[in-house]
Amino acid sequence: MCLVAAAVAALTGIADSASAAQCGNSSAGFAAWKKEFADEARGRASATSLAALMDTSYSAATIAADRGQKSFRLSLDQFLAKRGGSAIVSRGRALKRADRALFASIEQRYGVPPGPLLAIWGMETGFGASRGNVNTLSAVATLAYDCRRSAFFTDQLYAALTLVDRGILTPSTRGAAHGEVGHTQFLPKSVLNYGTGGSLDSAPNALSSTANFLKAHGWRAGAGYQPGEANFGAIQGWNSASVYQRAIALLGQRIDED
């Protein structure tokens, strides 16, 4: 997901208070950072979740993925070719026909038609086929430690610790390289804010949560969602990369036209 989409300009008070833990740009300081963070987080996170944090490992795979997001610089046509846009439309149309009742229920509740949800689902995980195999807590902790976006991912780490305490994440949960989980790749804070209940490894739960996210970001039932139309802003809330936004709008429209 909603990785770039969820970024915020200001930290919460919790994130501010934890900012004293020294960030770094290599694995060398990660163990010391974990201890500093845990010391500062006591009283805000439970002993159980902090113990899970202390068991995390520096994720080189996460750092490599974070430094290598080159596809967002492609043209729209190049991006769609790289992501398999035609296959997403074809599979999305088939899934829409196969589960009309689910998508009708979601649209009735949140006002979001099937197309954008299926486009997001296909783009994020190939309709659930590739949800990632990186330890989620290690990924989020690594990015909270890494100096490039420490503030944003400190906020995500506190959310992840809360999810551990609620039993929604476990120390062994695995997902995408930046800590996203489920069929549509929610970051921990988005799980807290927009999850509609149940595991996001369930496609219906993930799709309902995605629709809830879009509604919370201004989606209006019946309005258009192409660039310049009322609902395009909600798609921009999902991901801040312009080429990704335009791809979701275009693929969603093609799916909905069928």
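Residues passing the salt bridge (charged side-chain N to carboxylate O under 4.0 Å, His left out) test with D258 are R97, sequence neighbours excluded.
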Could you walk me through whether D55 and L137 pass the side chain to side chain contact (heavy atoms under 4.5 Å, CB included) test, one step at a time?
CA-CA 9 Å; D55 282 340; L137 281 181; over 6 Å; no
Apply side chain to side chain donor-acceptor pair (under 3.5 Å) to the pair Y145 and N25, showing each step before the final yes or no.
CA-CA 8 Å; Y145 159 69; N25 295 307; over 6 Å; no
Run the numbers on S209 and T196 for side chain to side chain donor-acceptor pair (under 3.5 Å), then give the verdict.
CA-CA 5 Å; S209 298; T196 56; 3.2 Å; yes
Evaluate the side chain to side chain contact (heavy atoms under 4.5 Å, CB included) criterion for residues K189 and L187: first the C-alpha distance (whole Å), next the side-chain angles of each, then the deciding distance (0.1 Å), finally the verdict.
CA-CA 6 Å; K189 193 170 180 182; L187 283 167; 5.7 Å; no
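Contact detail for S190 and F213: the closest heavy-atom pair is OG-CE1, 4.1 Å. Of all heavy-atom pairs spanning E36 and A21, the tightest one is OE1-CA, 3.3 Å. Summarising the geometry of A119 relative to G252, their closest heavy-atom pair is CB-N, 3.7 Å, with the distance given to 0.1 Å.
L53 and V134 are assigned to two separate hydrophobic clusters, defined by single-linkage of ILVMFWY side chains at heavy-atom distances under 4.5 Å.
Atom CG of L143 is separated from atom CD1 of I63 by 5.5 Å, given to the nearest 0.5 angstrom.
Each of T62, D66, T136 was evaluated against H178; a single residue qualifies, D66, per the side-chain hydrogen bond (donor to acceptor under 3.5 Å, both in side chains) test. A ring pair (Phe, Tyr, Trp, His ring centres under 6.0 Å) with W219 is found for one member of Y194, Y225, Y110 and no other, namely Y225.
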